[in-house]
Asks: 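Structure provided below as structure tokens; questions to follow.
These numbers come from the heavy atoms of this one structure, side chains and all, not from hydrogens, waters or symmetry mates. Numbered from 1 within each chain, the chains take letters A, B, ... in sequence-line order.
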Amino acid sequence: MKHKNIISVFIFAIIVGAISLGCFFKPHTQYSESERRLLEKKPVLTKETLFSGSYTRDFEKYVTDQFPCRDSFRSVKALFSTYVFNKMENNGLFTEEGHISKLEYPVNSHMFDNAQQKFDKLYEKYMKDKNVNIYLSIIPDKNYFLAEKHGYLSIDYDAFIKDFKDRMDYMKYIDVLPMLSLDDYYKTDSHWKQEKITDVAQHIAQSMGADASAQYSEKTLDNPFRGVYLGQSALPFKPDTIKYLTNGILENCIVKYYDTGMAKEGDMYNMDKAYGKDPYEMFLSGTSPLITIENPSAKEDKELILFRDSYGSSIAPLLAPAYSKITVVDIRYIQSDFLGSFIDFDNKDILFMYSTTLLNNSMAMR
Amino acid sequence: MIFSSIAFLYYFLPVTLVLYFLTPRPLKNTTLLLVSLFFYGWGEPKYVFLMIATVLLGYVFGLLIERYRSKPVSKVFLTLSVLSSLAALGYFKYADFFIANFNAVTGLSIPLLRLALPIGISFYTFQILSYSVDVYRGETEAQKNPINLAAYVALFPQLIAGPIVRYCDVALMLKKREHSFQKINEGCCRFVIGLSKKILIANTLGELCTSFTQSADLSVLYYWLYVVSYMLQIYFDFSGYSDMAIGLGKIFGFEFLENFNYPFISKSITEFWRRWHISLGSWFRDYVYIPLGGNRVKRARMLFNIFAVWFLTGFWHGAQWNFIVWGLYFGILLTLEKFFFLKKLEKHPVIGHIYVLFAAAISFMIFSAENMGDAVSRVGGMFGIGVKSFVSAEFWFNLKNYAIVLLVACIGATPIMKKIKNHADSKWKNTFILDAFEILVPIALLVICTAYLADGSFNPFLYFRF
């Protein structure tokens with residue numbers, strides 16, 4: 001080829017130059033929709049930050065986060081890693097049976113111990129001398145159905161669950177494993193689908209001596225659900241669809257949120273959040289430290305206190321028909337020491353319902 | 001700043017290239033010096049002054065050595081030049097090692113200095129040393145222009161990770177060098193190949209190595225998988241950096257010598273060290289081994305010379321006992337080869353290859369360790385000592401997960417691809433398809449490497465101990 005060197009240098013110059021100009025002039029982006037995280041801010045240049053090296057370190061993080069067309073480049077990387085290098089996982093995420101999942105390995109024994117200590121502390125402080133029935137139910141993340149079967153590193157779920165329930169000898173264990181399958185989870189997200197867990201809710205309620213049986217009408221959200229793993233994996237994947245269940249009992253329930261310490265009435269299904277960054281947050285408005293669900297149509301005057309993680313957001317409404325009042329607590333967002341100011345534990349059913357993911361990564365529990 | 005970063009590729013490098021090619025020829029070295037100081041100051045703002053001071057001392061002593069070359073005082077200036085360069089290296093790199101060992105022997109508890117090691121100090125110190133010695137020997141003239149000498153020492157392509165470029169190899173190029181589209185194109189392609197070796201192979205294998213170091217599920221086969229991955233990671237990282245340096249050098253009109261030449265195809269450790277980190281090996285040969293007498297001395301003295309060189313080679317890589325043991329381990333192997341079985345190995349290449357890979361595996365396990373105790377434990381682990389199982393779940397997963405990368409790395413560590421390219425060149429030279437292929441492959445690799453960087457993938461810098 002005549003002028004091969006000139007053509008080659010010219011192409012290099014155009015590509016590097018174009019990307020470079022993009023880097024210099026691209027407007028600042030604050031938030032990554034796909035990764036659901038705040039991006040690095042431009043560091044401030046001072047004598048201290050310069051000579052400590054923090055300015056240059058932070059600048060390199062900043063320019064990586066602010067790289068033009070970053071999501072497209074992340075997809076190129078994911079595709080190359082997956083289809084050329086045939087890597088089984090990319091950044092800890094893998095795809096099998098049409099699902100994206102995240103490796104949950106190994107067992108973090110200190111996290112596991114931490115979760116136990118938090119529960120023990122709650123028991124000692126609020127439940128030990130009270131007339132309460134305490135239950136535990138552990139929800140497997142979807143690796144339980146995928147990882148070992150397809151040759152991925154996996155924690156021993158049976159041993160994990162057995163070990164934890166053996167430590168919680170003051171709780172009665174409710175086993176939900178037989179009622180779950182991979183199909184009960186979103187394909188692009190870690191969570192379970194509400195429309196698939198009515199039997200789980202009924203089983204849990206029955207195990208606590210309550211009746212959560214009810215007929216629901218199924219509604220479909222007209223907003224595609226790009227689950228948390230979809231953006232993180234950067235692979236081309238079809239989004240999920242969120243369906244949610246409702247009926248007259250749920251519509252009559254009074255839901256109060258205590259995000260600021262004061263009660264604020266809201267909806268069981270938050271339609272603003274349904275069209276927000278994470279549509280799964282429509283269930284009980286996502287992250288909230290304390291919520292009460294009062295059911296005026298309840299047949300019995302029976303109350304439940306539900307300690308839960310995000311899996312609990314979608315199942316709590318399905319337990320509402322069985323109780324006159326459910327208090328939903330997320331100890332990742334409220335100090336356990338403050339609970340006594342808001343909750344009377346006496347004569348209540350108390351359910352600790354947590355996913356294996358959170359028990360294995362329990363640092364956020366307070 | 002490291003080459004494999006967004007900040008370098010799309011901020012520093014484009015601006016540098018524009019400035020450099022816009023600068024009139026007589027001022028190009030000044031531009032190179034300024035951008036190199038910025039490059040170094042970006043990562044080490046405090047230590048840029050140390051480097052400037054080292055260069056100034058080298059410059060002054062160089063002139064004095066030349067001025068009094070035939071007189072005894074020139075030796076004094078050479079000694080002062082060597083000592084001043086080594087003093088900085090000794091203080092920043094080795095002070096804590098000596099204090100810790102002194103404390104251990106005497107039972108004292110002299111506090112450690114805990115100084116951050118100036119990046120690249122081992123490389124630029126050796127360059128200054130070689131310059132002073134070459135001027136003393138009369139092999140090169142002293143550089144009269146301090147900008148040119150500073151540009152040589154601080155030249156950013158080879159500043160933080162080598163190769164160790166000798167002044168006499170680039171003295172003429174500092175005065176006059178050619179720039180052409182052919183050289184720029186060759187430089188771009190070489191740079192991208194090095195970048196790909198670093199980002200796609202070395203960093204990916206680095207993930208596997210990190211998994212191993214964090215694992216609680218070790219097994220004999222996992223130790224072996226780790227050491228193979230580590231050998232390849234280090235090779236692709238080091239040789240990738242050398243490729244990037246050589247490529248950048250070409251873009252700016254320099255010709256640096258090759259630093260790696262497929263070391264894993266060697267049939268003896270003697271050959272391995274002719275192919276591995278060539279600039280370091282030849283530096284120790286020319287500035288330590290030969291001045292000590294080399295081979296032309298009595299056997300006992302020659303043994304001393306060999307072990308002195310390998311002790312220093314190990315110590316150069318890091319101020320820890322495992323690096324010293326690593327160097328002496330090679331000293332032992334090289335001595336055994338020299339006196340007993342080098343010729344036999346050359347006659348039986350298959351045995352030679354197996355022996356080299358095995359011996360290199362042991363050496364890299366020592367090299368990878370955090371300390372000497374860790375090195376003993378890791379080498380033991382390769383043979384089942386202190387390891388409960390022969391095979392583990394993590395081994396199988398990582399073998400499957402990294403199989404293609406390992407295969408690509410194994411092929412890339414041999415001259416197979418080079419032979420295929422040479423064959424294609426001879427058969428289809430100047431054909432449109434081959435030319436298009438040669439243009440498009442580096443471009444595609446650059447895009448993929450950029451994608452890895454934009455993703456914020458694992459990207460360690462391995463030279464912080466050097």
Side-chain angles (χ1 to χ4, degrees), chain A residues 1-13 15-17 19-24 50-53 55-57 59-81 84-91 103 105-107 148 151-154 234, chain B residues 1-2 5-11 13-15 17-18 41-46 116 180-186 188-189 192 200 204 215-217 393-394 396-398 400-405 408 430-432 434-436 438-440 442-443 446-448 450-457:
Chain A
M1 191 189 293
K2 213 177 170 184
H3 308 305
K4 175 188 148 192
N5 291 314
I6 297 173
I7 293 168
S8 182
V9 171
F10 190 67
I11 295 174
F12 264 114
I15 290 178
V16 174
I19 296 177
S20 178
L21 287 173
C23 288
F24 275 107
L50 181 66
F51 282 95
S52 70
Y55 176 80
T56 55
R57 270 197 307 277
F59 183 83
E60 299 212 8
K61 285 182 202 159
Y62 168 74
V63 296
T64 301
D65 266 8
Q66 298 294 332
F67 196 72
C69 308
R70 182 161 170 271
D71 283 344
S72 303
F73 277 107
R74 288 181 59 245
S75 292
V76 169
K77 188 258 176 169
L79 290 167
F80 187 85
S81 178
V84 178
F85 278 167
N86 202 29
K87 290 269 315 284
M88 293 171 75
E89 48 74 42
N90 178 43
N91 297 340
L103 289 176
Y105 180 88
V107 173
E148 194 178 0
Y152 294 87
L153 289 172
S154 171
Chain B
M1 199 183 307
I2 57 172
S5 69
I6 298 287
F8 178 83
L9 284 176
Y10 296 111
Y11 287 80
L13 189 58
V15 172
L17 289 171
V18 169
W42 182 260
E44 298 281 3
K46 284 179 288 188
S180 66
F181 278 108
Q182 188 186 343
K183 279 182 86 169
I184 296 171
N185 183 36
E186 285 172 7
C188 289
C189 293
V192 170
L200 304 182
T204 307
S215 171
D217 187 28
E394 282 193 38
W396 285 118
F397 174 72
N398 282 310
K400 283 185 280 179
N401 198 21
Y402 293 93
I404 299 294
V405 186
V408 171
N430 293 330
T431 59
F432 178 79
L434 188 63
D435 285 349
E438 284 181 354
I439 292 171
L440 293 176
I443 298 286
L446 178 64
V447 171
I448 294 163
T450 302
Y452 270 68
L453 292 177
D455 187 53
S457 302

Asks: Drop me the distance from A:Ile7's CD1 to B:Asp435's CG, to the nearest 0.5 angstrom.
Replies: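 CG of B:Asp435 is found 8.5 Å from CD1 of A:Ile7.
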Asks: Do B:Ile439 and A:Phe12 pass the side-chain contact (heavy atoms from CB on, under 4.5 Å) test, and can you show the C-alpha distance, the side-chain angles, and the key distance before you say yes or no?
Replies: CA-CA 9 Å; B:Ile439 292 171; A:Phe12 264 114; over 6 Å; no
Asks: Please indicate whether B:Phe181 has more than 12 foreign heavy atoms, meaning atoms of other residues, nucleotides or ligands, lying under 6.0 Å from its CZ.
Replies: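 It does not: B:Phe181 CZ has 12 such atoms or fewer within range.
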Asks: Going from OG1 on B:Thr450 to CZ on A:Arg70, what distance comes out if it is rounded to the nearest 0.5 angstrom?
Replies: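 Reported to 0.5 Å precision, the distance equals 13.5 Å.
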Asks: Please check if the distance between the ring centroids of A:Phe67 and B:Tyr10 is under 6.0 Å.
Replies: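 Here the rings of B:Tyr10 and A:Phe67 have centres that are less than 6.0 Å from each other.
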Asks: For chain A, find which of B:Leu200, B:Asn401, B:Asn185, B:Ile6 contributes the most heavy-atom pairs closer than 4.5 angstrom.
Replies: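 Counting heavy-atom pairs under 4.5 Å, the top option is B:Asn401.
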Asks: Using side chain to side chain contact (heavy atoms under 4.5 Å, CB included) as the criterion, list what pairs up with A:Asn91, not counting sequence neighbours.
Replies: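 Side chain to side chain contact (heavy atoms under 4.5 Å, CB included) list for A:Asn91, sorted by chain: A:Lys77, B:Asp455.
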Asks: Output the distance between atom OG (B:Ser215) and atom OH (A:Tyr105), rounded to the nearest 0.5 Å.
Replies: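 One gets 6.0 Å once the value is rounded to the nearest 0.5 Å.
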Asks: Top residue by heavy-atom pair count (under 4.5 Å) with chain A, among B:Ala116, B:Ala454, B:Cys189?
Replies: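 The residue among B:Ala116, B:Ala454, B:Cys189 with the greatest pair count is B:Ala454.
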Asks: For this output row, return yes or no: ring centroids of B:Tyr11 and A:Phe24 closer than 6.0 angstrom.
Replies: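 B:Tyr11 vs A:Phe24: aromatic centres under 6.0 Å.
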Asks: If I measure from the heavy atoms of chain A, does B:Glu186 come under 4.5 Å with its side chain, its backbone, both, or neither?
Replies: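 Looking at B:Glu186, nothing touches chain A.
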Asks: Select, from A:Val76, A:Thr64, A:Ile11, the one with the greatest count of heavy-atom pairs under 4.5 Å involving chain B.
Replies: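 Ranked by heavy-atom pairs under 4.5 Å with chain B, first place is A:Thr64.
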Asks: Shortest non-hydrogen contact from B:Ala451 to A:Phe73?
Replies: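 Looking at all heavy atoms of both residues, the shortest contact is CB-O, 3.1 Å.
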Asks: Mind checking the CD-OG spacing from B:Gln182 to A:Ser8? Nearest 0.5 Å is all I need.
Replies: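 With rounding to 0.5 Å, CD (B:Gln182) is 11.5 Å from OG (A:Ser8).
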Asks: Return the minimal non-hydrogen interatomic distance between B:Lys400 and A:Gly151, and the atom names on each side.
Replies: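 Answer, listing the atom of B:Lys400 first, then A:Gly151: NZ-O, 3.6 Å.
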Asks: Determine, stepwise, if the pair A:Asn5 / B:Lys183 fulfils side-chain contact (heavy atoms from CB on, under 4.5 Å).
Replies: CA-CA 9 Å; A:Asn5 291 314; B:Lys183 279 182 86 169; over 6 Å; no
Asks: Between atom CG of A:Leu153 and atom CZ of B:Phe397, what is the distance when rounded to the nearest 0.5 Å?
Replies: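 Those atoms lie 5.0 Å apart.
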Asks: Counting heavy-atom pairs under 4.5 Å to chain A, which of B:Val405, B:Ile443, B:Ile184 comes out on top?
Replies: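 Highest number of pairs under 4.5 Å: B:Ile443.
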Asks: Any idea which of A:Arg57, A:Arg74, A:Lys87 has the most non-hydrogen atom pairs under 4.5 angstrom with chain B?
Replies: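 Greatest number of close heavy-atom pairs with chain B: A:Lys87.
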Asks: Give me the atom names and distance for the closest heavy-atom approach of B:Ile404 to A:Val84.
Replies: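 Minimum heavy-atom contact is CG2-O, 3.5 Å.
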Asks: Assign the ring pair B:Tyr452 / A:Phe85 to parallel, tilted or perpendicular, where the plane angle (0 to 90°) is split at 30° and 60°.
Replies: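 Rings of B:Tyr452 and A:Phe85: perpendicular, as their planes differ by over 60°.
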Asks: Is it the backbone or the side chain of A:Phe10 that comes under 4.5 Å from a heavy atom of chain B, or both, or neither?
Replies: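 Neither part; nothing is under 4.5 Å.
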Asks: Which distance, rounded to the nearest 0.5 Å, do you find between the CD of A:Glu60 and the CE of B:Met1?
Replies: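 Here the rounded value is 6.5 Å.
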Asks: Of all heavy-atom pairs between B:Ala7 and A:Val63, which one has the smallest distance, and what is that distance?
Replies: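 In this case the closest contact between B:Ala7 and A:Val63 is N-CG2, 4.1 Å.
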